[in-house]
Structure formats: C-alpha cells, structure tokens
> 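Below are the structure tokens for one structure; questions will follow.
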Amino acid sequence: MAKTCGVGKRIIKDGKEVYVCDDTRSKLLPVLQKIQAEKGMISDSDMQTVAGEFGIHPVEVYSVATFYAFLSVKEQGRHIIRVSNCVSCVCAGSGQIIKAFEKELNIKVGETTSDKEFTLLETSCIGMCDQAPAVFVDGKLVGSLTPEKVVVLVKELRANPSKLSGLYPVTSEKRSGNVIFSEIAPYSGLKKALELGRSSVLEQVRSSGIRGRGGAGFPTGVKWNLAAAAQSDQKFVVCNADEGEPGTFKDRVLLTEYAQLIFEGMAIAAVAIGADKGILYLRGEYLSFVGDLETELDKMRKNNALGQNIMGKGFNFDIEIRLGSGAYVCGEETALIESLEGNRGEPRNRPPFPVNTGFLGMPTVVNNVETCIAVTHIIAKGVDWFKTFGTEKSYGTKVISVSGDCKKPGVYEVDFGITISDILKLVQAEDTQAVQVGGASGICLFDNEFQRLIGYEDVPTGGAIIVFNKSRNMLDIVGNFLEFFQEESCGQCTPCREGIPVLIEMLEAIKKGERSEKELSKLFSLSETMQCASKCGLGQSSPNAFLSVVNKLI
Ligand SMILES: Cc1cc2nc3c(=O)[nH]c(=O)nc-3n(C[C@H](O)[C@H](O)[C@H](O)COP(=O)(O)O)c2cc1C
Ligand code: SF4
C-alpha cells in the first residue's frame, strides 16, 4: 500500500520503493478559482464542501482562500473593478480614474454598490504600465483610461457585461531587437534539441552563458545541469509567467505574441533535464490570454511538437496552464511551487532548492518566459551567434519594459551593455530626474548615473525601467513602492513584516523634515537587517529603492 509522504507518495514498484506524485491537493486552487468565478465568492458552506472533497480541514481551505487577492470569502459585486495603483498608473493619473469610478458608481474604493452590481478596489501593478492608467475588470485588462472612458466603461458593463468594446489594450509597439524578436522557423529549436540529445543541449545552454531573465540572473545552464543530475522518476519544467513586478510588462507581450517559442523553450528544458510534464504559471491578471495560449498548445500537439513520441524521437512532454490569483509573492519560485501545490503562496526555506525538491517534491526547473524564448533561439541558431550580442559578462539581449515619463513607453529588446542614457533616448524621455531599474525591488538611478550599463556587471534587471521627470516627488515614489511591498508581503518572517511598516513611518517623518542623523542611521541598519535576514527576495529587496533615494536626496 502507498505511504503518503507530504505531496509525494512512496510506492513499491518492481520490488523497489519509489516516489510517485500525488497531485490531489494541487487541484485546490483551480477548484477555488472556479467557485469564485461561478459564485463571486467562496462561502463557508463551499469551504466545508471543498474541505470534505479534499480530505482536509476547512481551516486549511480558509487559509488558502484568504491568501489570494482574487479569491473572496465575502460577498462582492457582480462586476469587480480593480484600479492599478502601480507607480506608472499613479503618475499617469489613476487618482482621477478612481474619482471618476467613485462618481459614476456613487461608492468609495473598497465598497460595493447597494444593488450588488459593482465592487471598486485598488490593486497592485497589473502589467499595463505602457498603457497607464489601467484597470482589471471582470478578468479583462483595460488600458489608457481617461475619466471620460470610465463613464463609457461603466455604461457598457451595465448594458452588456461580456462586451467591453473599444477599450482593450493594444499590443505594445516593440522596437529594435535581434534575439528574442528575431525570426526562426517553427519548432526548429526543439527539432535540433531532439537531434542533439540531452547532454549536448545541457552543454550548449551552459556554454552560452545565458542567465535567467526573471530578475535573479541565475545561470540557466547550472540550473538545468543540477536538475538533470537529480535522481527521480518524475521531473517538472515550470515557466514563471507570474510577472508582477511594478513596471514590468514584457512577459505580457511575449505571452501574447511569442507563445509558441515559450512552449518550445519549455520542451527543450524538458529534453535537457528529462521531464515529461510542464506547467505555465500565469498571473491571474492575464486570464484573458488563456484561450489563445490553449489554442497554441493544441496547435503544437497537432504538429507533434507536444504530446507522445514528439517528432518521432520517443520523447513525451505536455504542458498545462495554471493560473495565479493576485499575489505578487507567487512570482518567487518556491512560493509559486507552494501555490501550484494548492497552498498559500509562502516562500520556502532553501535549501532544498527546486532543482532537487520542487513541485510535488520532485526536481523542478523554474524559468522565466523570456529565458524560455532565449533558449529556443540559442539551440536553433547556436551559441556563437548568441554570444555576438551583449557584453562578455552579460551575453545576449534583454527585453525591457519602459514606462513612466517618456513619449514612447513600450517593450524594447536591447543588447546588454546599453546605458541608461541610451534607453532614455530610445523612449524619447525629456527632463528626466531619475530612473527606477528593476521595478519596485530595484534601484533608483539619478542623472549622475545615467552612463551606467544594463548588465550583470553593473545594473542587472528583470526588465522594468520606470522613468521619472523633474516634476515627480521621489519620496512619494518610494512611498508607493513600500506600500506595495507591505500589501504583498506574505508576513511569514519578522524583518519583512515588521520592517516595511517602520520604513513607511520613517519616510513620512523624513517628508515632514522630522528626522535626526541618529534616526537615519537606525534606518540604514534596519534596512541592512531586512536585506540580510528576510526569507525571500521580496523582503530582501524591499529597502532598495528607499536606500537609493534617501541616500541621494537626504
Ligand atoms: C517576490 C519575487 C517575485 C518574483 N517574480 C517573478 C516573476 O514574476 N517572474 C519571474 O520569472 N521571476 C520572478 N522572480 C524570480 C524567481 O524566483 C526565479 O528566480 C525565476 O523565475 C527563475 O527564472 P529564470 O532563472 O529564468 O530567471 C521573483 C522573485 C521574487 C523574490
Ligand atoms: S521576506 Fe516577506 S514575502 Fe518573503 S517570506 Fe518573508 S514575509 Fe514573506
């Protein structure tokens, strides 16, 4: 008889004790998402029923249901309007948009209309910074809003809830680009990977020097080699499409325009590590992309690029799409795995690392959307070609999302080694005071630093670049970032949970001029503790913007 062991099971197979996956619990989040979509909330009796079906205590269901912003245990309106309070949206006038909704609906943010038709909420960045101010309404993204468009939107929702004509986002205009945006024949990367075989693919990815494009910059070749070396009957490839860093929207464009190359990259990873299952973890805000992504997966299955005996090479691999539910921290790879397993998205202690103990306790490679596409090109076109781009310490290109005070916000593919000042020229920014590189968790560079380079040798970034002109109060910008972290912290560990509110309080004091040298030095020491002692990257990076701005301005 099978003995359960957390998420996996040990069973006796051919006289040997082996692990098999028990993914029952991992269905919990999709079940709760379905109830939320059908009923608009998850009631006590729903939680009891679900708990019974999963054989868990109702408290466990409650703890999951209350973790995610897009699940609610309280009644909400039929239409839920979430206005992004990301810094790019605030700079573009989201305050006016909130006022327009409040006027039109006759409620305040956080309230529901008396006819239970509308709930108005604020939300963290929704990945629409190039079309700010933006809202997420009934599962759809709506950008470039004006107070006038708000009136039309509410009218349309009242008249025909399923149709929001004329207000959908246009795809970001992309400019330049020579790796990610270059053309290759469909499935040529996967075909070559299958011809090369596992060890050559691993070697090519290692020697390309590519580092993960999700922000942390971990060498992809090292990650894949570790997962390949792990002993297990089952392994997983997970593509991290949870893009939630304020100021980042490049993955939105890649998902809508280059889905096939993403899935192909996942299949190449599967060849390399020996996995037969892949999961794309898509942020809940990108719900409306699911239909097209599923169509692309079906097309790949029909073309024998997914499924059984792919391209006649005896390789089996398929991909499933799973949705997040409005939690930025789930972009952190271990929190993402927790979420996939049907738990609160709370980051794990490391080690063990996902390459050994990942989804369902099995070796798992987690890679960013852009990393998957880059690998497809590397295998299709070769390592030497890839190394002609970028610098000796940062090979290749980077897709950046640029928003804020510039004439041409959008998604750009640039060579590593580009300076901030060249990026500002590209996006036609004028009168620039500062540039936030890496989103809320990144650093703020002022005009004496615009010659610095994007690259691992100088300023690494997951891709968010937010431009601020001289009219912006940088202390307010930092306040916005800190409030974002406070909202999104999972609260597991003390330096992050308790440190962020202290920074917010002190920032207010600094703004009022109430600060002493002694207090400032205490703040720097608190920030250092948060950077060193927080459990995950969220807490560790939360003081970054604060420090770079306060150090410059105070
Ligand atoms: C709070 C937090 C949020 C993150 N969000 C994302 C994300 O949305 N997408 C992503 O690819 N990586 C994100 N990461 C980094 C992942 O933990 C992980 O390093 C990455 O997915 C690995 O892929 P890569 O090696 O291809 O970059 C986040 C990290 C932290 C700490
Ligand atoms: S650092 Fe913050 S988000 Fe990360 S585990 Fe600790 S409390 Fe949670």
Side-chain angles (χ1 to χ4, degrees), residues 67 124-127 205 210-224 226-227 237-252 254-255 262 265-266 269 279-286 324 327-339 344-350 353-355 358 364-375 396 398-399 401 438-442 456 460-464 481 484-501 529-544:
F67 183 83
S124 300
C125 182
I126 57 175
V205 175
I210 182 171
R211 297 170 68 158
R213 298 325 199 210
F218 191 81
T220 308
V222 174
K223 191 183 277 189
W224 288 18
L226 288 168
V237 172
V238 172
C239 177
N240 189 342
D242 196 45
E243 160 166 275
E245 186 68 51
T248 314
F249 48 91
K250 58 156 185 106
D251 291 348
R252 186 196 86 220
L254 299 178
L255 285 156
I262 301 168
M266 291 173 72
I279 301 171
L280 179 90
Y281 187 91
L282 185 69
R283 72 181 305 203
E285 289 82 345
Y286 294 168
Y328 160 72
V329 70
C330 288
E332 195 281 337
E333 60 185 3
T334 61
L336 186 158
I337 290 169
E338 284 292 315
S339 178
R344 292 162 69 85
E346 290 173 347
R348 294 175 175 172
N349 285 324
R350 293 182 295 176
F353 293 95
V355 284
T364 302
V365 147
V366 181
N367 275 125
N368 174 253
V369 165
E370 185 187 341
T371 313
C372 293
I373 299 184
V375 163
K398 184 78 197 82
V399 181
S401 324
S441 54
Y456 300 105
T461 174
F481 291 151
F484 163 77
F485 286 124
Q486 185 176 34
E487 177 65 28
E488 298 296 336
S489 164
C490 80
Q492 253 193 110
C493 61
T494 314
C496 173
R497 186 187 60 239
E498 305 297 330
I500 296 168
T529 306
M530 291 164 72
Q531 287 172 325
C532 300
S534 295
K535 186 167 167 178
C536 84
L538 188 151
Q540 289 158 10
S541 60
S542 59
N544 290 354

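Counting starts at 1 for both ligands and their atoms, following the listed order. These numbers were taken from a predicted model, which means no experiment stands behind them. Nothing fancy with the numbering, it's 1 onward along the sequence.
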> Which atoms of ligand 2 are found less than 4.0 Å from any heavy atom of G491?
7 (S), 8 (Fe)
> Starting from atom 29 (C) of ligand 1, which protein heavy atom do you reach first, and at what distance in Å?
E332 CA, 3.7 Å
> Check if T220 has a non-hydrogen atom at a distance under 4.0 Å from any atom of ligand 1.
no
> List every atom of ligand 2 that sits less than 4.0 Å from any heavy atom of C490, numbering the atoms from 1 in the order shown and giving each element.
3 (S), 5 (S), 7 (S), 8 (Fe)
> Which residue holds the protein heavy atom closest to atom 13 (C) of ligand 1, what is that atom called, and what is the gap in Å?
G331 O, 3.3 Å
> Relative to atom 1 (C) of ligand 1, which among Y281, F218, Y328 owns the nearest non-hydrogen atom?
Y328
> Give the residue, atom name and distance (to 0.1 Å) of the protein heavy atom nearest atom 6 (Fe) of ligand 2.
C493 SG, 2.3 Å
> Hey, does C536 sit under 4.0 Å from ligand 1 if you only count heavy atoms?
no
> Does an N or O anywhere in G214 fall below 3.5 Å from an N or O of ligand 1?
yes
> Under 4.0 Å from a heavy atom of S489: give me the atoms of ligand 2 that qualify, with their elements.
2 (Fe), 7 (S)
> What I want to find out is whether K535 reaches E332 closely enough, with some N-O distance under 4.0 Å, to be called a salt bridge.
no
> Under 2.8 Å from atom 4 (Fe) of ligand 2 - does any N, O or S atom of C536 fall there?
yes
> Could you check atom 2 (Fe) of ligand 2 against the protein and tell me its nearest heavy-atom contact, residue, atom and distance included?
C496 SG, 2.4 Å
> Once you restrict to heavy atoms under 4.0 Å, what part of N368 touches ligand 1? Side chain, backbone, both or neither.
both
> For ligand 2, which atoms have a heavy atom of G539 less than 4.0 angstrom away?
1 (S)
> Does E488 have a heavy atom less than 4.0 Å from any atom of ligand 1?
no
> Could you list which atoms of ligand 1 come closer than 4.0 Å to a heavy atom of R213?
26 (O), 27 (O)
> Salt-bridge test for R252 and E243: reply yes if a basic N is under 4.0 Å from a carboxylate O, no otherwise.
no
> Which atoms from ligand 2 have a heavy atom of S534 less than 4.0 Å away?
1 (S)
